[in-house]
Participant: 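Take a look at this one; I'll ask things after.
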Amino acid sequence: MANEEMKVRVRFAPSPTGMLHLGGARTAIYNWAFARSQGGDFILRIEDTDPERSTHENTQIILRALRWLGLEWDEGPEVGGAVGPYFQTERMATYEAALEELKATGAAYPCFCSKERLDACRAQAEKSQGGYAGYDGHCRDMDPEEAAARIAAGEPHVWRLRVPEGHGPIAFDDAVYGAMSFPADVMDDLILVRSDGSPTYNFAVVCDDANMGITHVIRGDDHLSNTPRQILIYEALGLPVPIFAHLPMILGPDGKKLSKRHGATNVEDYRDRGFLADAMVNYLALLGWSLDGETTQIPREMLASEFSLERISKKDAVFDEEKLTWLDGVYMREMSVGEWIGEATPWLAYAHRLGAQALAGVSVVPSPDKDQQKERLASLIAPWQDVPEEEWQELVAEVADRRAWYERIYPLIIERQTTFNELPDKLAFLFWGANVALDEKSVAKVLKKEGGRADEALELCREVLTDGSIPWEAEPLQEACRAKGEAAGLKPKLLFQPLRVAVSGNQVSPPLLESIELLSRSDVLARIDGVLSIMR
RNA sequence: GUCCCCAUAGUCUAACGGUUAGGACGCGGCCCUUUCAAGGCUGAAAUACGGGUUCGAUUCCCGUUGGGGGCACCA
C-alpha cells in the first residue's frame with residue numbers, strides 16, 4: 001500500500017491502436033487533474049505491445065490530442081523522465097526479468113497448448129455449458145523435466161501464471177466503487193508472456209506500474225474485472241499493490257457503449273468541428289464527476305486544484321452533445337478579440353471563400369431544412385481540408401493582413417455562435433461583394449409579404465445609404481433610417497427586415513447596421529438595387 | 001454459462017436517515033428587442049418496483065426488474 005508521504009504518481013496509458021476517443025480523453029483528464037490537485041506526477045505511457053494494431057502515426061495523433069486538450073505530462077514520450085522508456089516495446093528487458101523471477105518461484109509455468117486446442121476448448125465449452133470458464137490447466141502440472149525438454153527442443157510455448165490453489169477471495173478497496181471482492185477460484189491461469197516472447201497486457205501493466213512507482217491507477221471501468229488478475233501478479237512478484245480507481249463508462253444517447261455510429265467519438269473531430277479545448281475539458285470532467293452539484297463552469301485551473309476521487313460517480317454517463325455545445329458557447333463568450341481571431345481564423349477564411357463563391361447578381365436559393373442543417377454542421381470536419389493548399393494559404397494570410405477589419409466582426413458574432421462551425425454560414429454574406437443569395441423563405445416572408453411595403457422600405461433606406469453626408473457608421477445610419485421610416489409611418493420592423501434580407505439574404509442575421517458598416521457603400525447599394533429590380 | 005458493477009426528471013448531477021428532493025442542459029411561457037442570439041424572470045419534469053430495518057427512508061438490508069462491463073497468445 002502506498003503510504004501518505006509518498007508522492008502521488010498516476011499515469012494515462014493509451015494503446016496507439018486508433019484515435020484518442022472521448023472515454024480515453026476523460027480518463028486522461030481525471031489522471032491529470034488528480035495529479036495536479038495532489039501535487040503529484042502525471043505520466044504518459046504508450047502501451048504498444050500489440051504489433052498488429054499499434055502504429056507510430058496513432059501515437060502522434062494521441063500526443064497531439066492530449067496537447068490540444070492542454071494536458072501536459074510530466075514524464076513520457078518526447079518529455080522523458082527518470083523511469084523511462086515510456087513505450088512498452090522498449091521495456092522488454094524489464095518484463096523478461098520479471099518473468100525470470102516468476103519462473104524461479106514456480107509462479108509461472110510454460111504451456112504448450114496450441115491456439116487451435118484453446119479455440120476448440122472454448123468452442124466446446126460454449127456449446128455444452130453455454131460459456132467459457134477459462135483455461136483448463138492442461139499444462140499446469142506437467143513434469144518440469146518434460147517441460148524443460150520441450151522448451152529445449154524449440155517447441156512454441158507461452159508462460160502462464162499459476163494461480164495459487166486455495167487462494168481466498170481477492171479483495172481491494174476501489175477509490176470509486178469501494179470494497180471489491182472476487183472469488184479466486186474462478187480465475188484461470190492467464191497468459192503472461194506470449195509464444196513470441198512479448199508480454200500480455202495484464203503482465204506488462206503490472207510490471208510498468210510497479211517499476212514506474214505508480215501510486216494510483218485511474219482507468220476505465222472495463223478494467224475492473226482485470227484488477228483481481230493483476231493483483232494476483234503483484235502478489236506473485238511480491239510487489240506493493242497500488243490504489244485503484246475505476247471510472248464508469250461513457251455511453252451514447254441510446255444508452256449503449258459510445259461508438260462511431262453515435263457520431264464523433266474522436267476528440268480531434270471536435271477540435272475540427274470548432275469546439276474549444278477548454279469547453280471539452282470542462283464538459284468531460286463533469287461527465288462522471290461533480291464539484292458540488294451546482295457548479296457547471298469549472299475551468300482547467302479549478303479542476304487542477306479541486307478535483308477529488310471521492311466525487312467520481314459510479315454510474316455510467318450518457319454523452320450529451322447539446323450540453324457540450326452550450327458549454328462551448330459559454331467559453332466562446334469569454335474569449336477576447338485576440339483569442340477569438342486566433343482560434344477562429346480557419347473558419348473566417350472559409351467563410352470568405354464560401355461568400356466569394358456566391359453567384360453573380362441576385363439569386364434565390366432554397367431554404368435549408370432545419371434538421372438537415374444541424375446534421376450538416378455536425379458532420380463538417382475541418383471543411384477547408386479540400387481547399388487547394390495555395391488558395392488556402394492566401395485566404396489565411398488575408399485574415400492576418402486585414403486583422404483590424406476582422407476584429408470588427410467579433411462583437412457582431414461573439415454572442416451568436418456556439419461553435420466555430422457556425423461561422424461560415426453566418427458570415428458568408430460579408431464576402432458577397434455586390435451579389436446577393438436570397439433565402440427562399442425569407443423572400444416569401446419579408447419581401448413578398450401580402451400587402452407589405454418592402455419595396456418602399458428599401459427605397460427609403462436606399463436614400464439614407466446614398467446620402468454621403470451621413471457617416472458610414474451603424475449608429476447615424478440607423479437613426480437616419482429610423483427617422484425616415486417613422487415619417488413614412490413604417491414601424492422599425494417593417495423597415496429593417498426588408499433591408500436585412502436585401503443585404504444579408506436572410507431574415508436572420510448578425511446586427512444589421514453594424515454589418516452594413518463593415519461593407520462598402522457601393523456593394524450595399526448594389527445589393528439593394530438588385531433586390532429591388534427582381535421585386536418589380 | 002459465469003464473475004462483477006450500476007439504478008434521482010429526456011440528459012449530466014446534488015442531497016452521505018429528517019429538504020416544499022437542489023443546480024445545469026434541453027423543452028414551454030414572459031420581459032428585453034428591427035432578426036437571431038445573449039441576458040433576466042418563470043413553468044412542466046425525477047427518487048425503477050416489491051419487501052423489510054427505523055419514530056422517520058432517495059439514503060441502510062434483501063429480492064425483482066432493467067441496464068452495463070469482463071471471462072483472448074486485444075488493450
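Bear in mind that the values here come from a model prediction, so they are computed numbers and not experimental data. Residue numbers start from 1 in every chain, and the chains themselves are labelled A, B, ... in the order their sequence lines are given, proteins ahead of strands.
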Participant: Is it true that A:Asp136 and A:Arg117 have a side-chain N and a carboxylate O under 4.0 angstrom from each other?
Facilitator: yes
Participant: Distance check needed: B:C16 P versus A:Lys314 NZ, whole Å only.
Facilitator: 14 Å
Participant: Using Watson-Crick or G-U wobble geometry with both distances below 3.5 Å, tell me the partner of B:A21, or none.
Facilitator: none
Participant: Checking all strands, does A:Gln478 fall into the base, sugar-phosphate, or nothing category for heavy-atom contacts under 4.0 angstrom?
Facilitator: base
Participant: Looking at every strand, decide which applies to A:Ser181 at a 4.0 Å heavy-atom threshold: base, sugar-phosphate, or nothing.
Facilitator: sugar-phosphate
Participant: Take atom P in B:G63 and the same atom in B:A7, then report the distance between them in whole Å.
Facilitator: 16 Å
Participant: Could you measure between the two P atoms, the one in B:A24 and the one in B:A38, and give it in whole Å?
Facilitator: 15 Å
Participant: In whole Å, measure the gap between the C1' atoms of B:G22 and B:U47 for me.
Facilitator: 13 Å
Participant: Heavy atoms under 4.0 Å, any strand shown: does A:Arg311 hit a base, just sugar-phosphate, or nothing?
Facilitator: sugar-phosphate
Participant: Which is true for A:Met180 with a 4.0 Å heavy-atom rule: it touches a base, it touches only sugar-phosphate, or it touches nothing?
Facilitator: sugar-phosphate
Participant: Mind checking what makes side chain to side chain contact (heavy atoms under 4.5 Å, CB included) contact with A:Pro110, not counting sequence neighbours?
Facilitator: A:Phe112, A:Ala147, A:Ile151, A:His157, A:Trp159
Participant: Between P on B:U13 and CG on A:Leu327, what's the gap in Å once rounded to a whole number?
Facilitator: 14 Å
Participant: What is the nucleic acid contact for A:Ser509, judged by heavy atoms within less than 4.0 Å: base, sugar-phosphate only, or nothing?
Facilitator: base
Participant: Would you mind telling me which residue lines up with the more 5' stretch of RNA chain B, A:Phe496 or A:Trp326, judged by nearest nucleotide?
Facilitator: A:Trp326
Participant: A:Glu294 has a side chain; which of B:G23, B:U13, B:C6 sits nearest to it?
Facilitator: B:G23
Participant: Write down the distance separating the C1' atoms in B:U54 and B:C60, rounded off to the nearest Å.
Facilitator: 10 Å
Participant: Do A:Lys445 and A:Glu440 sit within salt-bridge range, that is, some charged N less than 4.0 Å from a carboxylate O?
Facilitator: no
Participant: Sugar-phosphate atoms are those with a prime plus P, OP1 and OP2; base atoms are the rest. Using that split, label each nucleotide of nucleotides 69-75 of chain B B, S or - for protein heavy atoms under 4.0 Å, 5' to 3'.
Facilitator: BSBSBBB
Participant: Between B:U11 and B:C16, how far is it from one C1' atom to the other, in whole Å?
Facilitator: 24 Å
Participant: Of the nucleotides B:C12, B:U35, B:C6, which one has an atom closest to the side chain of A:Tyr177?
Facilitator: B:C6
Participant: When rounded to the nearest Å, what value does the distance between C1' atoms of B:C36 and B:U59 take?
Facilitator: 46 Å
Participant: Compute the ring centroids of A:Tyr201 and A:His223, then answer whether they are less than 6.0 Å apart.
Facilitator: yes
Participant: With side chains defined as the heavy atoms from C-beta onward, is the minimum distance between A:Thr419 and A:Asp328 less than 4.5 Å?
Facilitator: yes
Participant: Using the P atom on both, measure B:C25 against B:G39 and round to a whole Å.
Facilitator: 9 Å
Participant: Does a nitrogen or oxygen in the side chain of A:Lys315 sit under 4.0 Å from OP1 or OP2 of B:G68?
Facilitator: no
Participant: Starting the side chain at C-beta, find the nucleotide from B:G68, B:U35, B:A38 nearest to A:Gln497.
Facilitator: B:U35
Participant: Judged by each residue's nearest nucleotide on RNA chain B, which is more toward the 5′ side, A:Pro510 or A:Glu322?
Facilitator: A:Glu322
Participant: So, are A:Glu486 and A:Lys484 salt-bridged, with charged N and O less than 4.0 Å apart?
Facilitator: no
Participant: Find the partner of B:U59: check Watson-Crick (N1-N3 plus N6-O4 or O6-N4) and G-U wobble (N1-O2, O6-N3) distances, both under 3.5 Å, and reply none if neither fits.
Facilitator: none
Participant: So which of residues 279-289 of chain A are in contact with RNA chain B, with a heavy-atom cut-off of under 4.0 Å?
Facilitator: A:Leu286, A:Leu287, A:Gly288
Participant: May I ask you to decide whether A:Arg53 forms a salt bridge with A:Asp48, counting only side-chain N to carboxylate O separations under 4.0 Å?
Facilitator: no
Participant: Kindly give the heavy-atom pair with the smallest separation between A:Arg140 and A:Asp189, and that separation in Å.
Facilitator: NH1-OD2, 2.9 Å
Participant: Which nucleotide, in any strand shown, forms a Watson-Crick or G-U wobble pair with B:C27, with both distances under 3.5 Å?
Facilitator: B:G43
Participant: Taking the basic N atoms (NZ, or NE/NH1/NH2) and the acidic carboxylate oxygens, is any pair closer than 4.0 Å for A:Asp188 and A:Arg229?
Facilitator: yes
Participant: When the P atoms of B:U8 and B:C49 are considered, how many whole Å apart are they?
Facilitator: 11 Å
Participant: In whole Å, I'd like the distance from the NZ atom of A:Lys491 to the P atom of B:U35.
Facilitator: 13 Å
Participant: Could you check whether A:Asp292 pairs with A:Arg311 (Lys NZ or Arg NE/NH1/NH2 to Asp/Glu carboxylate O, under 4.0 Å)?
Facilitator: no
Participant: Would A:Glu100 and A:Lys103 pass as an ion pair if we require N to O under 4.0 Å?
Facilitator: yes
Participant: The side chain of A:Pro511 lies closest to which of these nucleotides: B:U35, B:U13, B:G22?
Facilitator: B:U35
Participant: Using only heavy-atom distances, decide whether a donor-acceptor pair under 3.5 angstrom links the side-chain of A:Lys323 to the base of B:A24.
Facilitator: yes
Participant: Please report, rounded to the nearest Å, how far the C1' atom of B:G10 is from the CG atom of A:Asp254.
Facilitator: 14 Å
Participant: Which base, if any, makes a Watson-Crick or G-U wobble pair with B:U2, both distances under 3.5 Å?
Facilitator: B:G70
Participant: Between A:Glu517 and A:Arg408, is the closest basic N to carboxylate O distance under 4.0 Å?
Facilitator: yes
